[in-house]
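The block underneath contains the structure these notes are about, expressed in structure tokens.
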Amino acid sequence: MKEEIKERIVKEIGKSIPDIESIKDKIKVEIPKEEKFGDLSINAAFLLTKHLRKKPLEIAYQIKEILEKLPEFQKVEVAGAGFINLFLSTDYYEQIIKQILVEKDSYGAAKDKNKGRINVEFVSANPTGPLHLGHGRGAVVGNVQSNLYEYLGYNVEREFYINDAGRQIQKLGESVYARFRQIEQPDYPFPEDGYHGEYIKEIAQHLYKYEREKILSMVDEKQAIDFCGEFAKELLLERIKNDLKEFGVEFDIWFSEKKLYTSGEVEEALQFLKNKGMIYEKDGAVWVKTTLYGDDKDRVIIKSDGSYTYFAGDIAYHYDKFKRGYDFIVNVWGADHHGYFPRLKAAVMAFGVPENWINVMFIQLVKLFKEGKEIKMSKRSGSFITLKELIEEVGKDAVIYFFLTKDSDTHLNFDIDLAVKKSSENPVYYVQYAHARICSVFREAKERFGFDPEEDFEADISLLKEETERALMKFLAFIPDLIREAGERKQPHKLTQITYQLASEFHYYYNNFKFLNPDDENLMRSRLLLLKAIRETLRTLFKLMGITPLERM
RNA sequence: GUCCCCGUAGCUCAGAAGGAUAGAGCGCGAGAUUCCUAAUCUCGAGGUCGGCGGUUCGAAUCCGCCCGGGGACACCA
């Protein structure tokens, strides 16, 4: 909406001040912090000082005269050193409310869904243990960003890359096998760098109960370890899928790393790079010239012992994505991988993709605090709180909301004691309460007056004259802009801020004005219609975040 | 050494493709319930936006240098 209004303004001003075209990109249409500065403000006068060699204030008055004549605006004012403040007309608001009630919980979402086909890969946890908090944050960020892309009109495929090849699975097998053997022989050695978690023992006990004969009859110990590893991997992956599903996160594609090797796709990808002259041999290893595309050194893809590096697999994986023909892809990674991005990007660029084809969102550490002390997390030592445990303790909605309160690329302190508290200190209750309150008002209206706001009805928006009401309508009008901005800038955490602000304005409205007033039925209907629009907008935001809109609390 | 993140109120943090008097929650102090849910709201105290320069009509925001905290830099995965 800001864009539409900006276009309109520039066009009108351009008729008498052609210079406006040259500064068009710098013009900002903003919602001022204070009511008295209008519904919108523009900075055009400041930008024109150089071109027109006049003071901002002088130019501002010139622009004011032009804009005053437009029907969209009720009033145009010049303020401060040269801000131009615009006041929207009632007609404009009426249109917005109507739009919200038609579009419901998809308010402002792109109707044309053909903006492009993209891929978002996230979580991609090793199937060697339960999901922990870092994965949870990645899951929320990846999923919500995907939702935002859908809101923007993209076709999104959500993907989970399963690291089911390599040393980690080997280690998993060794760990389970050792625990299995320890049941009969307690001094059987446990691998030094094995997985210590209790879940390893549980899996070993399960295998002991159902597969003891089979495993013990295997002549080769390596075969037994592989069997244990494979079994544990499948079981853990199943648990990961379930945990994510309960968390409201579902994937379209589960991509197996192992398959890259068995299908010959690694060779294919390397051959592709070889044909482009990107590959050479040195010191008995095979290298790829990532320096050609900005990496600070070339990288090994086949070690001198003949085995592939992880990087080789990743190149093949992205070669596969490249062949699928996405308009662009997004990878959600732990921040410890940031140094890895330049080399992967270099390899991908060699495929011939555009500069911004591959994107990464980094997820910084989640630090867990309990009773004021940090809980150090380590999968290897087995001391960590799982995502599942946290959800059981705090609730899905609170976990999601907390993970979305900060930019994903900054550290997050998760205070368990605070999140566990079911009180007003917990912001997720605050926003849910706003929704529940509106539902409650509607129930009351039906009960007391036999008027059910849940059904379609019309009302006169021009009766909403209070400053609070106009502020609310203005905010509703620009929420789609804010959501789009959050999506384009890859800042899903902004959704919590938008939601909180809307809830806050509603709570204020609730406390200061009465909605159910039989003495003025027309006003009552108008206010209920506004509440309905607020509720749909809250639902739009909740849906994007994956939070439940509660009807009662 | 190179790279990434962070430094804003007592605490946890928003705000950053430059804009008007820098915000919120918690905590602290004072209030609001004959009335739609007090899981709410109102008011108050609390700040050199880490430091120094630069860019310009204007800088918490952009640029440079510095200080402090966290993390990453494998023929690991």
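Letters go in sequence order (proteins before strands), and every chain restarts at 1.
- Counting only N and O atoms by type, the side chains of Q432(A) and D397(A) include a donor and acceptor under 3.5 Å apart.
- When Watson-Crick and G-U wobble pairs are counted only if both distances are under 3.5 Å, rU42(B) pairs with rA30(B).
- Both distances falling under 3.5 Å, in either a Watson-Crick or a G-U wobble arrangement, place rA24(B) opposite rU12(B).
- With its ring centre under 5.5 Å from that of the base six-membered ring and a plane angle below 30°, F83(A) counts as stacked on rA20(B).
- Residue E444(A) is the one, among Y508(A) and E444(A), whose nearest nucleotide of RNA chain B lies closer to the 5' end (criterion: closest heavy atom).
- Residue order along RNA chain B, read from the 5' end via each residue's closest nucleotide, puts Q491(A) first among Q491(A) and N163(A).
- N85(A) places no side-chain N or O within 3.5 Å of a backbone atom of V76(A) that could act as its donor or acceptor partner.
- In this structure, F122(A) has its ring center no closer than 6.0 Å to that of W333(A).
- Between the side chain of S504(A) and the base of rA24(B), no donor-acceptor pair under 3.5 Å is found.
- In the set rC36(B), rA24(B), rC75(B), the nucleotide with an atom closest to the side chain of A285(A) is rC75(B).
- When the nucleotides rU40(B), rC36(B), rA39(B) are ranked by their closest atom to the side chain of Y430(A), rU40(B) comes out on top.
- Across all strands shown, rA17(B) has no partner, as no Watson-Crick or G-U wobble contact with both distances under 3.5 Å is found.
- A434(A) comes within 4.0 angstrom of nothing in the nucleic acid, heavy atoms only.
- Side-chain proximity of R489(A) to the nucleotides rA24(B), rA17(B), rU40(B) is greatest for rA17(B).
- Counting only heavy atoms from C-beta on, R167(A) has its side chain closest to rC76(B) among rC36(B), rC41(B), rC76(B).
- The listed nucleotides are rC5(B), rC76(B), rU40(B); the one nearest the side chain of Q364(A) is rC5(B).
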